[in-house]
Amino acid sequence: MWEVRKEKNAKVDRSEIKKMNGKLIVFEGVEGCGKTSQIQLCCEWLLRDVACNVSVTREPGGTDLGVDLRRLLLEVGKHPIADRTELLLYAADRSQHVEQELKPNLAKGTIILCDRYTDSTIAYQGYGRNLDINLINQLNAIATGGLESDLTLWLDVDVEVGLARKRGTSAITDRIEQETLAFHRRVQQGYAQLYASYPQRIVRVDASLSQEAVQKQIQAIVSDRLAKWVASTKTN
Ligand code: Z5A
């Protein structure tokens, strides 16, 4: 049976995890940081070793409407999209995702692994596109109805390394991948700033290492959080 050892003699077993409220765990980072691969590995680990209810989702594109919005947002050359229009489309995708997927799954006690959430909008539209951060915060609050992540894993890798990983696997690029290196560097700065501002919520993962080494860090962080969440469920 899987267990978390918080300290000597302190164990948390999976029957206690099942009594917890649902949790939203978000994976963030620049292109090619490895979110998609790590979410898959993390999901397999949670199902196999922790045996909890897990669901995997993403933004944009976590609902049927979101799939259409994702295509509009990322397709190259279809039509121009002004920066504020882009911001509003991401917000629309998020609002639908929160109502249709996130809230109902959290209510069932599910651990949700979500590929990107509100920090992406700060990093890409705020730092990348230079849109007003206060406005984005307000829009995020409207789109989420106040639903924040319980834990955000920032997969930190050099922009050049991430882009090289992406370009190594696919010749097809989307609207954001086609942006300049300077744009992607501003996005990275945005993540570094968010990490400095929210040290409780955001945990940095060294994503420059091998996939196995990155997954090991993630499992250690998530195990530690599960133990804390179980402990706080018991005291409430
Ligand atoms: N966006 C936005 O602007 N504003 C918003 O509010 C939101 C999103 C929510 C789509 O996101 C776009 O939406 C995104 C920002 C914007 N920009 N773009 N483009 P996405 O998450 O769907 O797309 P992405 O950022 O390009 O992610 P991705 O393609 O899914 O990549 P990834 O998840 O970070 O990495 P991966 O698919 O797991 O791995 C990429 C490759 O690297 C693959 O070949 C792996 O085998 C390899 N890889 C992964 N890890 C490693 C390690 N550790 N070593 C070596 N190679 C590795």
Side-chain angles (χ1 to χ4, degrees), residues 24 26-44 56-63 66-67 69-76 81-98 101-102 113-131 133 135-137 139-144 149 152-181 183-184 186-188 190-191 194 205-218:
L24 177 57
V26 175
F27 291 67
E28 290 279 2
V30 295
E31 321 299 290
C33 65
K35 298 174 284 86
T36 311
S37 323
Q38 293 300 330
I39 286 175
Q40 189 55 43
L41 293 169
C42 186
C43 177
E44 286 165 13
V56 170
T57 186
R58 70 172 175 180
E59 290 192 3
T63 62
V67 170
L69 290 172
R70 182 183 174 93
R71 189 176 38 75
L72 287 174
L73 277 161
L74 296 175
E75 231 171 38
V76 176
I81 304 180
D83 291 351
R84 266 182 301 139
T85 311
E86 181 186 71
L87 172 66
L88 291 167
L89 288 172
Y90 279 114
D93 169 75
R94 179 158 306 131
S95 169
Q96 187 66 25
H97 190 217
V98 167
E101 283 296 316
L102 301 187
L113 306 181
C114 186
D115 195 333
R116 298 194 181 281
Y117 195 51
T118 49
D119 292 334
S120 281
T121 321
I122 306 275
Y124 283 84
Q125 280 64 52
Y127 284 79
R129 303 263 190 243
N130 290 313
L131 293 178
I133 304 282
L135 173 73
I136 296 174
N137 282 329
L139 207 51
N140 274 341
I142 294 169
T144 61
S149 85
T152 300
L153 297 163
W154 171 36
L155 273 58
D156 183 17
V157 73
D158 281 350
V159 165
E160 286 91 338
V161 172
L163 288 172
R165 283 181 187 167
K166 286 289 301 274
R167 286 168 188 161
T169 49
S170 165
I172 304 160
T173 55
D174 62 38
R175 281 182 64 249
I176 291 201
E177 277 167 57
Q178 287 195 338
E179 284 296 336
T180 61
L181 192 55
F183 171 91
H184 291 288
R186 288 199 300 279
V187 171
Q188 179 72 323
Y191 280 119
L194 282 161
V205 173
D206 182 350
S208 67
L209 305 175
S210 69
Q211 292 200 8
E212 295 70 30
V214 175
Q215 182 59 202
K216 224 171 163 184
Q217 294 174 72
I218 290 172

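Counting starts at 1 for both ligands and their atoms, in listed order.
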Asks: Do me a favour and list the nearest non-hydrogen protein atom to atom 19 (N) of ligand 1 with residue, atom name and distance?
Replies: Glu31 OE1, 2.5 Å
Asks: To which protein heavy atom is atom 27 (O) of ligand 1 closest, and what is the distance rounded to 0.1 Å?
Replies: Lys35 NZ, 3.3 Å
Asks: Looking only at heavy atoms, is any part of Asp115 under 4.0 Å from ligand 1, and if so is it the side chain, the backbone, or both, or is it neither?
Replies: side chain
Asks: Could you tell me whether Arg116 and ligand 1 have an N or O pair separated by under 3.5 Å?
Replies: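 Between Arg116 and ligand 1, an N or O pair is found under 3.5 Å apart.
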Asks: Which ligand 1 atoms does Ile176 reach within 4.0 Å, using its non-hydrogen atoms?
Replies: 3 (O), 16 (C), 17 (N), 18 (N), 19 (N)
Asks: Output yes when a side-chain donor or acceptor of Thr85 lies under 3.5 Å from a complementary backbone atom of Ile81, and no otherwise.
Replies: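 It does not hold such a pair.
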Asks: Considering only non-hydrogen protein atoms, determine which one is nearest to atom 53 (N) of ligand 1 and report residue, atom name and distance to 0.1 Å.
Replies: Leu209 O, 2.8 Å
Asks: Can you measure from CZ (Arg116) to OG1 (Thr152) and round to the nearest 0.5 angstrom?
Replies: 12.5 Å
Asks: For Arg94, is at least one N or O under 3.5 Å away from an N or O on ligand 1?
Replies: yes
Asks: Which option out of Gln215, Gln125, Arg165, Gln178 puts a heavy atom nearest to atom 41 (C) of ligand 1?
Replies: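 Ranked by closest heavy atom to atom 41 (C) of ligand 1, first place is Arg165.
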Asks: Where do Val214 and Leu41 land on the side chain to side chain contact (heavy atoms under 4.5 Å, CB included) test, with the steps shown first?
Replies: CA-CA 10 Å; Val214 175; Leu41 293 169; over 6 Å; no
Asks: May I ask you to list the atoms of ligand 1 that are less than 4.0 angstrom from any heavy atom of Glu59?
Replies: 9 (C)
Asks: Considering only protein heavy atoms, which is closest to atom 45 (C) of ligand 1, and at what distance to one decimal place?
Replies: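 Looking only at protein heavy atoms, the one closest to atom 45 (C) of ligand 1 is Gln211 NE2, 3.9 Å.
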Asks: Hey, is Thr121 touching ligand 1 through its side chain, its backbone, both or neither, going by heavy atoms under 4.0 Å?
Replies: both
Asks: Hey, is ligand 1 close enough to Val214 that some N/O pair sits below 3.5 Å?
Replies: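 By distance alone, the answer is no.
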Asks: Does any non-hydrogen side-chain atom of Thr36 lie less than 4.5 Å from one of Phe27?
Replies: no
Asks: Do Gln38 and Gln215 meet the criterion of a side-chain donor-acceptor pair at a distance under 3.5 Å?
Replies: yes
Asks: Does at least one non-hydrogen atom of Leu74 fall below 4.0 angstrom from an atom of ligand 1?
Replies: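 True for this residue.
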Asks: With side chains defined as the heavy atoms from C-beta onward, is the minimum distance between Cys114 and His97 less than 4.5 Å?
Replies: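 Cys114 vs His97: side chains touch.
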Asks: Please answer whether the main-chain N or O of Leu73 pairs with a side-chain N or O of Arg175 as donor and acceptor at a distance below 3.5 Å.
Replies: yes
Asks: Please check whether Gln38 reaches ligand 1 - meaning an N/O of the residue sits under 3.5 Å from an N/O of the ligand, judged on distance alone.
Replies: no
Asks: Run down the list Tyr124, Phe27, Tyr90 and name the one with the heavy atom closest to atom 1 (N) of ligand 1.
Replies: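 Comparing heavy atoms across Tyr124, Phe27, Tyr90, the nearest one to atom 1 (N) of ligand 1 lies in Tyr90.
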Asks: Counting C-beta onward and ignoring hydrogens, is there a side-chain heavy-atom pair between Leu135 and Leu139 closer than 4.5 Å?
Replies: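 In short, these two side chains do not touch, never coming nearer than 4.5 Å.
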Asks: If you have a sec, work out which protein heavy atom is nearest atom 44 (O) of ligand 1 and how many Å separate them, to one decimal?
Replies: Thr169 CG2, 2.8 Å
Asks: Looking only at distances, can you tell me whether any N or O atom of Gly34, backbone or side chain, sits closer than 3.5 Å to an N or O atom of ligand 1?
Replies: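 Yes, since at least one N or O of Gly34 sits under 3.5 Å from an N or O of ligand 1.
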Asks: Please work out which of Arg175, Glu212, Lys166, Glu177 has its closest non-hydrogen atom nearest to atom 31 (O) of ligand 1.
Replies: Lys166
Asks: Regarding Arg129 and Glu179, does a basic nitrogen lie under 4.0 Å from an acidic carboxylate oxygen?
Replies: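 A salt bridge is present here (some side-chain N lies under 4.0 Å from a carboxylate O).
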Asks: When you measure from atom 37 (O) of ligand 1 to each heavy atom in Ile136, Leu87, Thr36, which option holds the nearest one?
Replies: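 Shortest heavy-atom distance from atom 37 (O) of ligand 1: Thr36.
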Asks: Return the residue, atom name and 0.1 Å-rounded distance of the protein heavy atom closest to atom 36 (P) of ligand 1.
Replies: Ser37 OG, 3.6 Å
Asks: Considering only heavy atoms from C-beta outward, does the side chain of Gln188 approach that of Val157 to under 4.5 Å?
Replies: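 In short, these two side chains do not touch, never coming nearer than 4.5 Å.
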Asks: Test your reading of the structure: does Pro60 have an N or O sitting under 3.5 Å from an N or O of ligand 1?
Replies: no
Asks: Any donor and acceptor pair, going by atom type alone, linking the side chain of His184 with main-chain N or O of Ile176 inside 3.5 Å?
Replies: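 It does hold such a pair.
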Asks: Which atoms from ligand 1 have a heavy atom of Asp174 less than 4.0 Å away?
Replies: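 With Asp174 as reference, the close atoms of ligand 1 come out as 18 (N), 19 (N).
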Asks: Look only at interatomic distance and state if Arg70 has a nitrogen or oxygen under 3.5 Å from any nitrogen or oxygen of ligand 1.
Replies: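 Arg70 vs ligand 1: N/O contact under 3.5 Å present.
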Asks: Indicate the ring-plane relationship of Tyr124 and Tyr191, choosing parallel, tilted or perpendicular according to the 30° and 60° boundaries.
Replies: perpendicular
Asks: Does Arg84, at its CZ atom, have more than 12 non-hydrogen atoms belonging to other residues, nucleotides or ligands within less than 6.0 Å?
Replies: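 No, CZ of Arg84 has 12 or fewer neighbouring heavy atoms, counting only those of other groups under 6.0 Å.
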Asks: Do any N or O atoms from the side chain of Arg94 and from the backbone of Tyr117 form a donor-acceptor pair under 3.5 angstrom?
Replies: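 Answer holds: yes.
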Asks: Checking contacts here: is it the side chain or the backbone of Ser210 that comes within 4.0 Å of ligand 1, counting heavy atoms only? Could be both or neither.
Replies: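 For Ser210, only backbone atoms sit under 4.0 Å from ligand 1.
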